[in-house]
Amino acid sequence: PLFFFSLCLFLTIKEDVMKRIIKCLGLLAIITLLLPSCALTTEYIELEYQPMNTATAVVGAEKSKLIVSVKDTRPSNRKVSCKKNGYGMEMAGIFSEQEVAVVLNGAITQELSARGFSTGDNLDPNAFVKVEILKFYNDFKVGFFSSEAESEIILNVSVKDKVQANLYSKTIMTKGKEDTVMIMSGDNARLSLEDALRNSVAKLMQDEDFVQALLKKPEEEPQEEVLS
């Protein structure tokens with residue numbers, strides 16, 4: 001009797017385990033069928049900038065009036081990534097809902113204002129901050145068990161005075177990452193791009209040469225000598 005009881009218990013447990021295995025395989029099959037269709041669907045994402053919590057007022061910034069302009073020089077100024085299948089082949093595109101230049105302009109303006117600088121198009125500026133977007137893109141790196149979303153941003157930044165004399169000029173290059181990506185989707189691309197965006201703005205704001213260029217006073221025009 002003990003033998004038959006043990007056998008029945010074993011078969012019951014085995015049947016329960018088999019049911020769970022079949023259920024898992026069924027779910028896996030559904031996911032496998034859905035992934036290709038998702039990869040072929042164009043996706044739009046909304047980028048958001050999270051401001052730095054370490055911003056402090058810059059001495060003398062209240063005397064500086066700035067106009068910030070951002071130009072996107074990329075061929076497609078809304079495409080920021082593309083989906084990939086499990087073999088690393090590029091599939092449908094991932095696009096930004098907003099113009100990337102508008103997002104970046106807002107981020108830089110927000111950080112400058114937090115440091116005491118006056119910004120706006122209606123000001124009589126003493127300096128112009130000009131930014132060119134050369135690259136703003138996320139690339140999915142396919143791994144064996146999972147993938148990574150890796151973004152890169154390249155910016156040309158310059159500061160010019162009223163007569164367009166160059167006060168500052170640098171290329172800012174930064175990266176962002178989202179680890180352990182199971183699905184190469186728009187949401188994971190967004191997280192990686194937002195990380196790169198924060199790093200880009202932080203690198204610019206922490207550049208002492210950039211800050212000093214904003215604080216530089218315009219040279220006084222020589223007064224005309226009057227002979228008596």
Revision key, fill the gap. Minimal heavy-atom distance between F95 and S76, with the atoms involved, is CE2-OG, 4.4 Å
Review point. Can any side-chain N or O of N126 pair as donor or acceptor with the backbone N or O of S64 at less than 3.5 Å?
Key: no
Point to revise | Exercise: identify the closest heavy-atom pair between S96 and Q98 | key: OG-O, 2.7 Å
Exercise for review: First locate atom CG of D72, then atom CD1 of I133, and finally report the distance between them rounded to the nearest 0.5 Å.
Suggested key: 4.0 Å
Point to revise | Approximate separation, where rounding is to 0.5 Å, of E90 CD and C82 SG | key: 3.5 Å
Point to revise | E194 vs Q50 side-chain heavy atoms within contact, under 4.5 Å | key: no
Review point. Do V70 and I154 share a hydrophobic cluster, counting only Ile, Leu, Val, Met, Phe, Trp and Tyr and linking them when any side-chain heavy atoms are less than 4.5 Å apart?
Key: no
**Study point:** Heavy-atom side-chain proximity of F136 to L47 below 4.5 angstrom
**Key:** yes
**Study point:** Considering all heavy atoms, the nearest Y168-L204 contact
**Key:** OH-CD1, 3.9 Å
Review point. From S118 OG over to D124 CG, what is the distance, rounded to the nearest 0.5 angstrom?
Key: 12.0 Å
Point to revise | same_hphob_cluster(F117, L167) at 4.5 Å side-chain heavy-atom cutoff | key: yes
Check your understanding: Does D207 come within less than 4.0 Å of K170, counting only side-chain N to carboxylate O?
Key -> yes
**Study point:** Atom pair CG/OG1 of D121 and T109 - distance to nearest 0.5 Å
**Key:** 8.5 Å
Check your understanding: Hey, does M205 have a side-chain heavy atom less than 4.5 Å from the side chain of L112?
Key -> yes
Practice item. Ignoring hydrogens and angles, tell me if any N or O in the side chain of R198 forms a donor-acceptor pair with the backbone of G176 under 3.5 Å. Key: no
Practice item. Looking only at non-hydrogen atoms, find the nearest pair between L123 and L66 and report the distance. Key: CD1-O, 3.9 Å
Review point. Do you know the tightest heavy-atom contact between M52 and A202?
Key: SD-CA, 3.7 Å
Check your understanding: Between S192 and N188, does a side-chain hydrogen bond (donor to acceptor under 3.5 Å, both in side chains) hold up when you go through it step by step?
Key -> CA-CA 6 Å; S192 175; N188 286 315; over 6 Å; no
Practice item. Please test N138 against S81 for side-chain hydrogen bond (donor to acceptor under 3.5 Å, both in side chains), starting from the C-alpha separation and ending with a verdict. Key: CA-CA 5 Å; N138 170 77; S81 186; 3.0 Å; yes
Check your understanding: Are L104 and L155 side-chain neighbours, meaning at least one heavy-atom pair lies under 4.5 Å?
Key -> yes
Check your understanding: Stepwise, does the side-chain hydrogen bond (donor to acceptor under 3.5 Å, both in side chains) test hold for Y49 with E111?
Key -> CA-CA 11 Å; Y49 174 72; E111 294 296 344; 2.7 Å; yes
Review point. Sub-3.5 Å donor-acceptor pair from the side chain of K65 to the main-chain atoms of T119, do we have one?
Key: no
Review point. Rounded to the nearest 0.5 Å, how far apart are CD of Q164 and OG of S158?
Key: 8.5 Å
Point to revise | Min side-chain heavy-atom separation K141-S147 under 4.5 Å | key: no
Revision key, fill the gap. Between N156 and the options V131, T73, I172, T171, the side chain to side chain contact (heavy atoms under 4.5 Å, CB included) test singles out T171
**Study point:** Backbone of A61 reached by a side-chain donor or acceptor of R115 within 3.5 Å
**Key:** no
Check your understanding: Do F128 and V159 come within less than 4.5 Å of each other through their side chains, counting heavy atoms only?
Key -> no
Point to revise | Rounded distance [0.5 Å steps], CE in M91 versus OG1 in T42 | key: 11.0 Å
Review point. Is the backbone of A189 close enough, under 3.5 Å, to the side chain of E178 for a donor and an acceptor to pair up by distance?
Key: no
Review point. Is it true that a side-chain atom of N77 and a backbone atom of V100 form a donor plus acceptor pair closer than 3.5 Å?
Key: no
Review point. Any side-chain heavy atom of L193 within less than 4.5 Å of one from Y137?
Key: no
Review point. Is there a side-chain contact between M173 and I153, using heavy atoms and a 4.5 Å cut-off?
Key: no
Check your understanding: Between G186 and E43, what is the shortest heavy-atom contact and its length?
Key -> N-OE1, 3.1 Å
Review point. Should D195 and K175 be marked as a salt bridge (Lys or Arg N to Asp or Glu O under 4.0 Å) after you check the CA-CA gap, both sets of side-chain angles, and the distance that decides it?
Key: CA-CA 8 Å; D195 184 39; K175 291 187 177 182; over 6 Å; no
**Study point:** Electrostatic pair K84-D139, nearest N-O below 4.0 angstrom
**Key:** yes
